[in-house]
Amino acid sequence: MYKVDDASLIDGGKKYHLYEYISGFCMHATVPWHMVDHIFIPVHIKAKHHWVLVVISFNHRCIYVYDYLLANGHDAVVLSEIEKLAKVIPICLIAYKFYENKGIDIDNHPNYKLNEKMNPFGVSVVENVLQQPSGSLDCDLYMVTYVKCFTFGEDVPSVDFDPDLIHIRYTSLLWDYGTRKAEVETQSDDEAPMRPLRKIELIEGTEVHDI
């Protein structure tokens with residue numbers, strides 16, 4: 001997990017630790033980016049003490065932003081942080097030879113051919129996103145819920161979304177996982193029992209607003 005204001009990630013920098021993620025070295029799934037169609041990234045908005053979810057779509061050449069706290073003066077701060085990511089992503093993809101590995105012909109692909117290779121990715125703020133109550137500190141819970149729903153192809157709950165119940169559920173899952181680790185005497189996640197593989201897909205038909 002990276003903060004987008006990390007000095008090693010700003011566009012124009014000499015070192016990009018993001019390469020390690022693109023290569024699959026720093027993710028539990030150990031899958032390089034060219035093997036998937038979408039990447040979920042939790043982004044910390046330091047100035048707002050807030051987390052948002054971004055979904056990078058390689059086919060659309062776009063970063064979709066899921067924010068659960070839309071408000072005047074808030075959106076501009078979030079977008080300024082996401083734009084840093086939009087600038088550094090294409091630089092890293094070119095250096096890593098992502099497009100060759102992915103099989104994307106950027107000279108002829110409809111979503112790439114009108115852009116220069118180093119142009120920032122497009123940014124779209126998704127509309128009709130479930131909003132957390134004013135004063136709530138559960139932005140991370142909303143983010144994790146969206147990731148889960150996208151991963152398993154489920155609809156995001158709206159009327160029945162209960163943060164307290166979801167807190168209990170994840171506490172139970174972590175307790176169970178920790179218990180199983182203790183039973184086999186593992187010391188790290190790499191040594192822990194394997195979690196089942198899941199098919200990852202992004203739900204189509206989501207309304208977006210281009211920025």
Looking at [X] and [Y], what are the two nearest heavy atoms and their distance?
{"X": "D67", "Y": "H50", "value": "OD1-NE2, 2.7 Å"}
{"X": "F98", "Y": "I104", "value": "CE2-CD1, 4.3 Å"}
{"X": "S57", "Y": "F121", "value": "O-CE2, 4.2 Å"}
{"X": "L53", "Y": "M143", "value": "CB-CG, 3.7 Å"}
{"X": "H34", "Y": "K102", "value": "O-CD, 3.1 Å"}
{"X": "V77", "Y": "A47", "value": "CG1-CB, 4.1 Å"}

Mind checking the [atom1]-[atom2] spacing from [X] to [Y]? Nearest 0.5 Å is all I need.
{"X": "M118", "Y": "I89", "atom1": "CE", "atom2": "CD1", "result": "13.0 Å"}
{"X": "D75", "Y": "K48", "atom1": "CG", "atom2": "NZ", "result": "9.5 Å"}
{"X": "L173", "Y": "I168", "atom1": "CG", "atom2": "CD1", "result": "12.0 Å"}
{"X": "L114", "Y": "H109", "atom1": "CG", "atom2": "NE2", "result": "11.5 Å"}
{"X": "I91", "Y": "N119", "atom1": "CD1", "atom2": "CG", "result": "10.5 Å"}
{"X": "R169", "Y": "I166", "atom1": "CZ", "atom2": "CD1", "result": "8.5 Å"}

Transitive ILVMFWY side-chain link I39 to M35, under 4.5 Å
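Yes; M35 is reachable from I39 via cluster members.
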Tell me whether the rings of Y146 and Y66 are parallel (<30°), tilted (30 to 60°) or perpendicular (>60°).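 Correct class here is tilted.
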Check the angle between the aromatic planes of Y112 and Y99 and answer parallel, tilted or perpendicular using the 30° and 60° thresholds. perpendicular
Taking the side chain as everything from C-beta on, heavy atoms only, tell me whether [X] gets closer than 4.5 Å to [Y].
{"X": "K87", "Y": "K84", "result": "no"}
{"X": "L85", "Y": "V54", "result": "yes"}
{"X": "N128", "Y": "V126", "result": "no"}
{"X": "I106", "Y": "R61", "result": "no"}

Point to revise | Candidate pair W33 and N101, rule side-chain contact (heavy atoms from CB on, under 4.5 Å), full reasoning | key: CA-CA 9 Å; W33 285 17; N101 293 326; over 6 Å; no
Q) Would V52 and I82 satisfy side-chain contact (heavy atoms from CB on, under 4.5 Å), going step by step from the backbone distance to the final call? A) CA-CA 10 Å; V52 300; I82 303 304; 4.2 Å; yes
| said: Strictly below 4.0 Å, N to O, side chains only: are E183 and R180 in salt-bridge contact? | reply: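 No, E183 and R180 are not salt-bridged.
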inquiry  = Run the side-chain contact (heavy atoms from CB on, under 4.5 Å) test on V129 and Y142 for me, step by step, so that the C-alpha distance in whole Å, both residues' side-chain angles and the decisive distance to 0.1 Å come before the verdict.
reply    = CA-CA 10 Å; V129 172; Y142 283 73; over 6 Å; no
Review point. Taking the side chain from N111 and the backbone from N59, do they hold a donor-acceptor pair closer than 3.5 Å?
Key: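 Yes; judged by distance alone, with no hydrogens or angles, the pair exists.
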Do the ring centers of F150 and Y64 come within less than 6.0 Å of each other? no
* Listed by chain and number, what are the salt bridge (charged side-chain N to carboxylate O under 4.0 Å, His left out) partners of K117, not counting sequence neighbours? ->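 For K117, no residue satisfies salt bridge (charged side-chain N to carboxylate O under 4.0 Å, His left out) once neighbours in sequence are set aside.
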Exercise. May I have the step-by-step check of side-chain contact (heavy atoms from CB on, under 4.5 Å) for Y68 and T145, ending in yes or no?
Key: CA-CA 11 Å; Y68 336 97; T145 299; over 6 Å; no
